[in-house]
Number of protein chains: 2
Amino acid sequence: MSTAQGARARARIEVTAAIKDEARRQLAAEGAAKLSLRAVARELGMVSSALYRYFPSRDDLLTALIIDAYDSLGESAERAHEAVAQTAPQERWVAVCEAVRRWALGHPHEYALIYGSPVPGYTAPQTTVPPAARVGLLLIGIVRDAHGGPGGLAELPAVPEDLHAEADRIAADLAPDLPASAAAALVAAWAQLFGLVGFELFGQFNRVVEEREPFFRHAVRQLGRGVGLR
Amino acid sequence: MSTAQGARARARIEVTAAIKDEARRQLAAEGAAKLSLRAVARELGMVSSALYRYFPSRDDLLTALIIDAYDSLGESAERAHEAVAQTAPQERWVAVCEAVRRWALGHPHEYALIYGSPVPGYTAPQTTVPPAARVGLLLIGIVRDAHGGPGGLAELPAVPEDLHAEADRIAADLAPDLPASAAAALVAAWAQLFGLVGFELFGQFNRVVEEREPFFRHAVRQLGRGVGLR
DNA sequence: CACAATCGAGAGCACTGCTCTTGCTTTGGG
DNA sequence: CCCAAAGCAAGAGCAGTGCTCTCGATTGTG
């Protein structure tokens with residue numbers, strides 16, 4: 001079903017890939033705002049209108065790049081996790097967080113594309129949801145393992161009255177075996193992780209934090225403690 | 001030095017303000033990417049080239065809006081803090097965080113402008129630094145009060161070896177009276193706060209967190225605990 | 001009063017995303 | 001095998017963008 005599709009279909013796949021490659025190159029070089037369909041087409045030796053056969057609009061090209069970026073980040077994180085899969089949950093947690101940071105530093109514009117300001121008028125289609133969830137799922141898995149493993153999770157402060165129902169719902173959706181307090185803390189930690197990464201990447205730490213790597217490691221270790229990892 | 005400057009100077013100030021107002025209106029309506037000098041000029045009944053007498057480029061207009069946004073956020077946070085200035089540090093901490101969130105929800109595009117992806121090729125001039133620091137200074141002040149107040153700060157885990165020097169430096173820069181561990185935790189919490197706000201605002205919490213307000217309150221209360229507030 | 005600085009208007013350049021029409025090539029069914 | 005249908009690249013064109021430059025008119029100052 002993948003090959004054996006005739007020269008035309010194969011060419012289409014190749015051209016589509018070439019467009020995305022060139023677009024990614026421009027994205028990395030100049031950022032999403034300066035990504036120009038015409039420039040991509042020019043670089044590929046075609047005329048701009050031809051490009052619309054492959055992507056109906058600039059935003060659709062961006063969507064494709066967004067999905068790829070989520071997948072690239074997810075894969076980096078998963079690979080880093082596999083390398084330490086046999087170690088203690090706390091170490092695996094830190095490893096995944098550090099992989100996220102490394103990927104972000106290595107792909108700043110792609111990171112900005114997926115975790116920065118959303119492009120105006122553009123709402124991500126449902127197809128971006130699964131790739132976007134990969135890092136989150138990884139973190140959930142680590143905490144679940146810790147919960148089921150030796151020692152279990154550390155006791156967390158109870159969630160306040162007005163959050164009981166919501167915390168239960170979050171736990172039921174994400175990890176039914178986890179205590180509601182841990183599930184809620186996990187979601188918060190997930191967001192906070194990207195706060196740390198974003199602040200470093202977008203310059204808010206300039207003249208504030210210099211030794212970013214040990215700072216980050218310590219911060220995410222604390223983050224892990226906050227979700228009950230020992 | 002402010003008035004008594006002749007009709008010309010006064011007119012200049014007024015026109016400059018009118019441009020910023022209209023630009024802010026377009027920013028709120030459509031986002032930074034769609035902010036067009038020509039559209040602003042059109043709405044003001046002038047021709048686009050005339051606008052360059054007041055702002056040498058589109059990016060300079062954006063810089064002005066960025067500074068205003070930081071100041072608007074800072075003022076909101078400070079006002080919210082004043083209203084609870086007599087209460088316990090933990091409550092003041094939560095109040096400031098909630099003010100940040102409220103401002104962000106009320107000014108999504110301005111928030112995206114200052115805490116989202118930086119515009120490409122654009123590096124914020126030094127003039128943006130003081131307004132950008134206002135929220136951070138507020139949080140520092142709360143923790144310092146708690147440290148000097150009754151009960152002091154809770155004991156925090158020691159920072160690891162490789163972070164000793166950096167944590168000391170951060171403390172020396174930001175709040176010499178605080179323990180290094182608290183200063184480091186404070187900077188991390190500052191970044192994490194904006195991770196929470198950003199994730200809610202930019203849609204990452206869609207279909208994950210529904211009851212955002214109690215969730216946020218609980219998360220920032222935990223954040224406060226993480227810097228030693230009781 | 002006269003001179004210089006300041007300002008608005010207009011034309012123009014090089015660019016953008018996107019549409020539509022015109023032909024050429026590949027493909028698959030009769 | 002052949003031919004209509006579908007896929008494709010190219011080009012012209014539209015409306016919009018940021019920005020520059022020039023040309024009068026207005027204004028403040030020596």
Side-chain angles (χ1 to χ4, degrees), chain A residues 1-20 22-23 25-27 29-66 113 118-123, chain B residues 1-20 22-23 25-27 29-66 113 118-123:
Chain A
M1 190 179 171
S2 64
T3 65
Q5 257 297 334
R8 184 154 245 171
R10 213 151 350 109
R12 181 168 236 288
I13 293 174
E14 266 177 36
V15 174
T16 306
I19 293 172
K20 283 210 292 187
E22 178 58 33
R25 195 155 37 238
Q26 292 197 15
L27 180 67
E30 298 275 13
K34 295 205 174 174
L35 203 178
S36 143
L37 280 187
R38 290 182 116 109
V40 170
R42 208 179 304 135
E43 208 68 26
L44 262 48
M46 25 176 156
V47 83
S48 72
S49 58
L51 221 144
Y52 285 81
R53 300 258 170 215
Y54 299 89
F55 295 93
S57 80
R58 180 181 181 276
D59 281 1
D60 288 271
L61 216 192
L62 273 181
T63 299
L65 294 181
I66 286 173
L113 193 61
V119 302
Y122 168 86
T123 43
Chain B
M1 189 175 169
S2 64
T3 64
Q5 256 297 333
R8 187 155 244 171
R10 215 155 345 112
R12 181 168 238 288
I13 292 174
E14 265 177 37
V15 173
T16 306
I19 292 172
K20 283 209 292 185
E22 177 58 32
R25 194 154 40 236
Q26 292 197 16
L27 179 69
E30 299 272 15
K34 294 204 174 175
L35 203 177
S36 144
L37 280 186
R38 291 181 113 109
V40 170
R42 208 179 304 136
E43 209 68 23
L44 261 51
M46 27 174 153
V47 84
S48 72
S49 60
L51 221 144
Y52 284 83
R53 302 262 175 216
Y54 301 88
F55 294 94
S57 80
R58 180 181 179 276
D59 281 2
D60 288 271
L61 216 193
L62 273 180
T63 299
L65 295 181
I66 286 173
L113 193 62
V119 301
Y122 168 86
T123 43

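Just so it is clear, the values below take in all heavy atoms, side chains as well, and ignore hydrogens, waters and symmetry mates. Sequence lines set the chain letters: A, B, ... in the order given, protein chains first and strands last, and positions in each chain run from 1.
- No engagement by B/Leu44 is indicated, since no non-hydrogen atom pair under 4.0 Å with the nucleic acid exists.
- When each of A/Ala39 and A/Ser49 is assigned the nucleotide of DNA chain C bearing its nearest heavy atom, the one mapping closer to the 5' terminus is A/Ala39.
- Note on B/Leu61: nothing from the nucleic acid sits closer than 4.0 angstrom, heavy atoms only.
- The nearest whole Å value for the distance from the OH atom in A/Tyr52 to the P atom in C/dC18 is 4 Å.
- For the pair A/Asp60 CG and C/dC18 P, the interatomic distance rounds to 9 Å; values are reported in whole Å.
- Nearest-nucleotide mapping onto DNA chain D: of A/Arg38 and A/Arg53, the residue sitting toward the 5' end is A/Arg53.
- The distance between atom CD1 of B/Ile19 and atom C1' of C/dG8, rounded to the nearest whole Å, is 12 Å.
- Rounded to a whole Å, the CZ atom of A/Arg12 is 8 Å from the P atom of D/dA9.
- Closest approach to the A/Leu37 side chain among D/dC19, D/dG16, C/dC18 is made by C/dC18 (side chain taken as heavy atoms from C-beta onward).
- Shortest non-hydrogen contact noted between B/Ala23 and B/Val40 is CA-CG2, 4.1 Å.
- The CZ atom of B/Arg42 sits 10.5 Å away from the CD atom of B/Glu22 when rounded to the nearest 0.5 Å.
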Problem - Steps toward side-chain contact (heavy atoms from CB on, under 4.5 Å) verdict (B/Phe55, B/Thr63) - result: CA-CA 10 Å; B/Phe55 294 94; B/Thr63 299; over 6 Å; no
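- We find that CD of A/Glu14 is positioned 17 Å from C1' of D/dA9, with the value rounded to whole Å.
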Exercise for the section: Under the side chain to side chain donor-acceptor pair (under 3.5 Å) rule, what do B/Asp60 and B/Ser57 come out as? Steps first, then yes or no, please. Expected result: CA-CA 5 Å; B/Asp60 288 271; B/Ser57 80; 2.6 Å; yes
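- For the OP1/OP2 pair of C/dG17 and a distance below 4.0 Å, the side-chain nitrogens and oxygens of A/Ser36 include at least one atom meeting the criterion.
- Between the CG atom of A/Leu51 and the P atom of C/dT19 there is a distance of 13 Å, given to the nearest Å.
- Side-chain proximity of A/Tyr54 to D/dC8, D/dC19, C/dG17: nearest is D/dC8.
- Rounding to the nearest 0.5 angstrom, the gap separating the CG atom in B/Leu27 from the CG atom in B/Leu35 is 6.0 Å.
- When each of B/Pro56 and A/Gly45 is assigned the nucleotide of DNA chain D bearing its nearest heavy atom, the one mapping closer to the 5' terminus is A/Gly45.
- In terms of phosphate contacts, B/Ser57 brings no side-chain nitrogen or oxygen within less than 4.0 Å of OP1 or OP2 of D/dG18.
- Remark: P of C/dG17 and NZ of B/Lys34 are 13 Å apart, rounded to the nearest angstrom.
- Here the P atom of nucleotide C/dC15 and the CZ atom of B/Arg58 are 18 Å apart, to the nearest Å.
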